[in-house]
Structure formats: C-alpha cells, structure tokens
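Atom set for the values below is all heavy atoms of this structure, side chains included, hydrogens, waters and symmetry mates excluded. Here the structure is a predicted model, which is why all the values come from computation and not from measurement.
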Amino acid sequence: MTLTLTAFYRLSLPIFVLTVLCGTLRAETVEYDLTIERGTVNFTGQERPAMTINGGIPGPVVEFTEGDDAVLRVHNAMDVPTSIHWHGLLVPPDMDGVPFITYPPIQPGDTFTYRFPIRQAGTYWYHSHSELQEQKGVYGVIVIHPRRPDHRVDHDVAVLLSDWTDESVHEVMKTLRRGSEYYSIKKGSAISLTEGAKYGMLGGFFKRELLRMPEMDISDVYYDRFLANGKPETVVPAKPGDVVRLRLVDGSASTFFYGEFAKGPMTIVASDGQPVERVKHDRLLMGIAETYDVLLTVPQGGGAWEFRATAHDSSGHASIWIGDPNGERHAAPDVPVPNLYYSMGMPTLGQIFAFTPAGTMGMPTRKVDAGKF
C-alpha cells in the first residue's frame with residue numbers, strides 16, 4: 001500500500017503526541033539539597049581546612065533518569081560567595097552556574113535553586129566556579145541513566161578522581177606565578193646535569209639549557225595525595241564473573257590520570273557522557289574534567305583486583321579494589337616514570353637568540369597576535 005505524504009502525517013501525528021504525553025507522564029521531579037560549608041579533612045595525618053558538600057569530599061552523587069526534572073537547592077553556609085556549575089549538562093543559560101556571567105554568585109547564608117530538565121544521559125560532574133573552591137573540595141559526580149538500559153552490568157559505580165595538597169591553594173597559586181622549580185624539587189623530578197648523564201641524554205639537557213626552557217611540563221604541582229571518591233583506596237565488593245561499570249571522572253585540579261586494570265584490558269563504552277563504539281584498552285589516559293565509562297569483568301579465582309589511577313608524572317596513585325574485600329590483592333602494573341630529558345628537536349638560531357620565551361618556542365608576539373601559532 002502506498003501512502004500519500006498527507007496521509008503519512010495524519011497517521012504520524014497521533015503517534016507523536018502519544019509519545020510526548022507518555023514521556024511527560026514518565027518524567028519525575030528529582031530533588032537534592034547541597035550544603036557547601038567550611039570543614040576539615042585529614043588525608044595525610046594532619047587536619048587541614050577544606051570546603052565540603054553535605055559534610056564530605058567529594059559531594060554526593062546526584063542521579064537522574066533521562067527526562068526527569070532536576071531541582072537542586074544549593075545552600076551557602078560559608079562566609080564567602082559560592083556557585084555550582086553543572087559540567088557538560090544541557091541547561092538554560094541562567095542555570096549554568098558561572099558567577100557574573102550567567103547569574104550572580106550565591107551569597108553567604110543564601111540558597112539558590114537550580115531547575116532544569118534532564119535532556120541527556122551519561123556521566124558528568126559538578127563543581128564550584130568561584131575562585132579556588134574546586135581545588136578545596138567543592139565537586140561531585142552526576143549520573144544520568146538512559147530511559148532504557150544501555151549495558152548489562154552487575155555494579156554501576158561512580159568514581160571521582162582528584163588530587164589534594166595540604167598546602168594552601170593560594171600559596172600554590174603564588175608559587176606557580178613565581179615560576180620556580182620548587183615543586184619539581186619536592187617531587188624529585190627536577191632535571192640536572194648528573195641525572196641527564198645517568199639517562200645518557202646530556203644532549204637533550206644541553207638543548208634545553210640552550211633554549212632557556214624549564215623541565216618538561218608534565219605536572220606543575222606537588223600533591224600529597226591522589227584520591228578516588230575522597231580516599232586513597234576505595235573498595236567495590238563484587239563476585240567473580242560480575243560485570244562492573246566504572247563511571248570515571250577526572251575532577252582533579254591539574255592532574256592527568258592513567259587508568260589501568262590488574263587483569264588486562266578494559267572496555268570503554270562512553271566518553272564525556274556520550275556512548276562510543278566499544279573499544280578495549282590496557283591503559284587509558286584521562287585529562288582534567290574528562291569522563292569515561294569502562295566495563296570490567298571480575299576475574300575468576302577470588303581476591304580483589306586493582307583499578308589504579310596513576311598521576312601522569314608517576315608521583316602517586318589512587319586505587320579502586322574490585323572483588324572480595326578480604327581476599328588476596330592483585331595489583332595493577334606500575335606506570336613507567338616519564339623521561340624528562342627528551343628534547344623538542346634541534347634548536348634554530350632564531351630560537352637561541354630570541355628575546356622572549358614565546359620567541360624561544362617559535363611563537364613571537366606578532367604571530368600570537370595574528371593567530372598563527
């Protein structure tokens with residue numbers, strides 16, 4: 001039977017209206033109260049000031065189903081303004097949470113209610129957009145389930161990876177602006193003539209010195225701890241054969257993480273909230289603010305198997321132990337320490353005699369201004 005275009009639309013319209021109505025009827029209003037306040041934490045053996053959400057770092061996981069209406073009341077119990085930005089979510093401009101850009105900051109003692117429809121699914125995160133509050137602990141995970149399950153899993157676990165320093169974040173900023181090698185020396189990663197000789201890479205060392213360049217810029221800050229859900233170690237109880245979905249979020253201040261499982265490759269099924277064609281990787285590099293969903297199968301034989309998130313400068317890691325919490329622990333492989341003595345090619349006379357650091361890098365001001373670099 002052949003339908004005319006008019007007849008097709010007459011048949012389609014009732015179906016479309018019914019679909020919209022059913023979707024509206026299924027929509028639920030999901031509400032959360034998030035209180036931001038000053039507190040203390042102890043990640044290193046000494047109490048340090050922090051900012052918490054509902055008393056913890058990270059804040060609670062907020063969960064929705066695609067099609068829900070979100071209502072999130074953010075209470076500011078501090079003595080300074082604050083904000084919450086819903087990173088990666090499709091929200092109206094005045095709900096985006098960027099102070100002085102999309103709305104005024106939340107003043108001390110005030111409450112701001114965010115309201116928006118949930119128009120997507122996936123793994124995202126939220127964090128403060130006020131001064132250095134994110135570095136002090138104001139962040140958490142957003143999990144949005146699709147209307148229909150996309151993967152069969154036995155455990156669905158959100159994991160927020162972060163870095164922590166006992167040093168005042170304002171002092172960290174001062175040190176970075178000073179441009180010293182203090183953090184490299186503290187981490188034991190400052191380059192030197194003797195270490196260059198030890199690596200057999202004196203040529204790279206002298207090229208760098210000739211260009212007046214600092215050591216390879218892999219990580220600028222020394223961190224006392226790397227955390228998974230606010231702990232150096234997190235345990236996910238599971239049985240052999242169980243499929244575990246890790247919703248990984250890099251909520252760090254300045255750390256890229258290598259993720260690796262003790263028992264071979266992981267299956268990546270989503271990136272930044274978007275489903276992707278399944279792909280297996282032994283080692284995954286996560287950038288700051290990126291999210292990945294990975295599937296892992298708990299191996300047979302018992303014990304707990306490590307998913308390790310290693311800082312990309314190899315200065316430390318956080319662990320997620322999956323399996324029997326009381327069983328034998330099977331560690332993930334170590335990530336090799338990066339070689340900081342590799343050079344960036346042969347220097348030119350123009351780079352050697354450049355008057356500015358930008359010129360040394362081949363990006364003189366005139367080219368930067370012209371947008372050519």
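With contacts defined as side-chain heavy-atom distances shorter than 4.5 Å, the pair Met51/Met78 qualifies. Put simply, the side chain of Glu28 does not reach to within 4.5 Å of the side chain of Thr65, judged on heavy atoms. Using a 4.5 Å heavy-atom cutoff, the side chains of Pro240 and Pro299 are not in contact. In this structure the side chain of Ser315 reaches within 4.5 angstrom of the side chain of Phe226, judged on heavy atoms.
The six-membered or imidazole ring of Phe64 lies near that of Tyr32, with a centre-to-centre distance under 6.0 Å. Aromatic ring centroids of Tyr222 and Tyr182 lie 6.0 Å or more apart. Aromatic rings of Phe116 and Tyr114 (six-membered ring for Trp) have centroids beyond the 6.0 Å cut-off, not under it.
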| said: Go through it in stages, so that I can follow the logic: the residues are Tyr223 and Ser254, the test is side-chain hydrogen bond (donor to acceptor under 3.5 Å, both in side chains), and I'd like the CA-CA distance, side-chain angles, deciding distance and then a yes or no. | reply: CA-CA 10 Å; Tyr223 289 104; Ser254 66; 2.6 Å; yes
| task | Check the pair Arg38, Asp79 against side chain to side chain contact (heavy atoms under 4.5 Å, CB included), reporting the backbone distance first and the verdict last. | result | CA-CA 9 Å; Arg38 294 187 184 274; Asp79 54 355; 3.0 Å; yes
| message | side chain to side chain contact (heavy atoms under 4.5 Å, CB included), that's the test. Do Val71 and Thr29 meet it? Break it down for me. | response | CA-CA 7 Å; Val71 177; Thr29 299; 3.7 Å; yes
| request: Would you check, one step at a time, whether the test side chain to side chain contact (heavy atoms under 4.5 Å, CB included) holds for Leu246 with Asp293? | output: CA-CA 6 Å; Leu246 294 183; Asp293 290 14; over 6 Å; no
| field | Pair Arg115-Asp69, salt bridge (Lys or Arg N to Asp or Glu O under 4.0 Å): steps then yes or no | value | CA-CA 7 Å; Arg115 301 175 185 270; Asp69 289 317; over 6 Å; no
| said: Could you walk me through whether Val249 and Val159 satisfy the side chain to side chain contact (heavy atoms under 4.5 Å, CB included) test, starting with their C-alpha distance in whole Å, then the side-chain angles of each, then the deciding distance to 0.1 Å, before giving a yes or no? | reply: CA-CA 6 Å; Val249 178; Val159 178; over 6 Å; no
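Under a 4.0 Å N-O distance rule, the pair Asp313/Lys187 qualifies as a salt bridge. With respect to Arg245 and Asp150, a salt bridge is recorded, a charged nitrogen being found less than 4.0 Å from a carboxylate O. Under 4.0 Å is where a charged nitrogen must lie from a carboxylate oxygen, and between Asp154 and Lys239 no such pair does. Note on Glu171 versus Arg178: no salt bridge recorded, every NZ/NE/NH1/NH2 to OD/OE distance being 4.0 Å or above. Classification of Glu260 and Arg283 as a salt-bridged pair holds, one side-chain N sitting under 4.0 Å from a carboxylate O. Using a cut-off of 4.0 Å between Lys/Arg side-chain N and Asp/Glu carboxylate O, Arg247 and Asp156 are scored as salt-bridged.
The side-chain hydrogen bond (donor to acceptor under 3.5 Å, both in side chains) check on Tyr292 picks up nothing, with sequence neighbours excluded. In this structure, Tyr183 has no ring pair (Phe, Tyr, Trp, His ring centres under 6.0 Å) partners at least two apart in sequence or on a different chain.
Contact record, Ala332 with Arg308: O-NH2, 3.2 Å, taken as the closest heavy-atom pair. For Gly251 against Leu160, the heavy-atom pair with the smallest separation is CA-CD2, 4.0 Å. When all heavy atoms are compared, the tightest approach of Gly59 to Tyr126 is C-OH, 3.4 Å. Of all heavy-atom pairs spanning Gly264 and Asp282, the tightest one is C-OD1, 3.8 Å. Across every non-hydrogen atom of Lys136 and Trp164, the tightest pair is O-CZ3, 4.0 Å. Nearest heavy-atom pair across Val298 and Ala238 is CG2-CB, 3.8 Å.
Relative orientation of the His312 and Phe256 rings is tilted, given thresholds of 30° and 60° on the angle between their planes.
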Side-chain donor-acceptor pairs under 3.5 Å in residues 82-91, sequence neighbours left out?
| from | atom 1 | to | atom 2 | distance (Å) |
| --- | --- | --- | --- | --- |
| Thr82 | OG1 | Gln133 | OE1 | 2.7 |
| Ser83 | OG | His129 | N | 3.0 |
| Ser83 | OG | Ser130 | N | 3.4 |
| Ser83 | OG | Ser130 | OG | 2.8 |
| His85 | ND1 | Asp96 | O | 2.8 |
| His85 | ND1 | Asp96 | OD1 | 3.4 |
| His87 | ND1 | His127 | NE2 | 3.1 |

Throw together a table of side-chain donor-acceptor distances under 3.5 angstrom for residues 273-281, partners on residues two or more places apart or in other chains.
| from | atom 1 | to | atom 2 | distance (Å) |
| --- | --- | --- | --- | --- |
| Gln274 | NE2 | Tyr124 | OH | 3.4 |
| Arg278 | NH2 | His151 | ND1 | 3.2 |
| Lys280 | NZ | Thr267 | OG1 | 3.0 |

Solution key, residues 317-326 side-chain donor-acceptor pairs under 3.5 Å, sequence neighbours excluded:
| from | atom 1 | to | atom 2 | distance (Å) |
| --- | --- | --- | --- | --- |
| Ser319 | OG | Glu306 | OE2 | 2.5 |
| Asp324 | OD1 | Asn326 | N | 3.0 |

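The number of heavy atoms from other shown groups lying within 6.0 Å of NZ (Lys186) is above 12. The environment of CZ in Arg73 is crowded: more than 12 heavy-atom neighbours from other residues, nucleotides or ligands sit within 6.0 Å. Residue Glu131 places its CD atom among 12 or fewer non-hydrogen atoms of other residues, nucleotides or ligands, all under 6.0 Å distant.
For the atom pair CZ (Phe261) and CZ (Phe307), the distance works out to 9.0 Å, reported to the nearest 0.5 Å. For the atom pair CH2 of Trp125 and OH of Tyr139, the computed distance is 8.5 Å after rounding to the nearest 0.5 Å. With rounding to the nearest 0.5 angstrom, the OG atom of Ser271 is 8.5 Å from the CG atom of Leu284. Annotation: the span from Met95 atom CE to Leu72 atom CG amounts to 10.5 Å, rounded to 0.5 Å. Remark: Leu161 CG to Thr291 OG1 distance equals 11.0 Å, nearest 0.5 Å. Rounding to the nearest 0.5 angstrom, the gap separating the CE atom in Met266 from the CG atom in Leu248 is 8.5 Å.
A donor-acceptor pair is defined here as one N or O able to donate and one able to accept, closer than 3.5 Å; no such pair exists between the side chain of Asp68 and the backbone of Ala70.
Note: the hydrophobic cluster containing Ile106 also contains Ile53 (ILVMFWY, side chain heavy atoms under 4.5 Å, direct or indirect links). Val172 and Ile218 fall into different hydrophobic clusters, defined by Ile, Leu, Val, Met, Phe, Trp and Tyr side-chain heavy atoms under 4.5 Å apart, directly or through other members. Side-chain heavy atoms closer than 4.5 Å link hydrophobic residues (I, L, V, M, F, W, Y) into clusters, and following such links, possibly through other members, connects Val74 to Val30. With hydrophobic clusters built from ILVMFWY side chains whose heavy atoms lie under 4.5 angstrom apart, Ile288 does not share a cluster with Leu176. Tracing side-chain contacts under 4.5 Å through hydrophobic residues (I, L, V, M, F, W, Y), one reaches Val294 starting from Val157; they form part of the same cluster.
For the residue pair Glu63 and His145, a side-chain donor N or O sits within less than 3.5 Å of a side-chain acceptor on the partner. A donor-acceptor contact under 3.5 angstrom links the side chains of Thr111 and His75, judged on distance only.
Listed by first and then second residue, the side-chain hydrogen bond (donor to acceptor under 3.5 Å, both in side chains) pairs that reach into residues 45-54 are Thr40-Glu47, Gln46-Asp166, sequence neighbours excluded.
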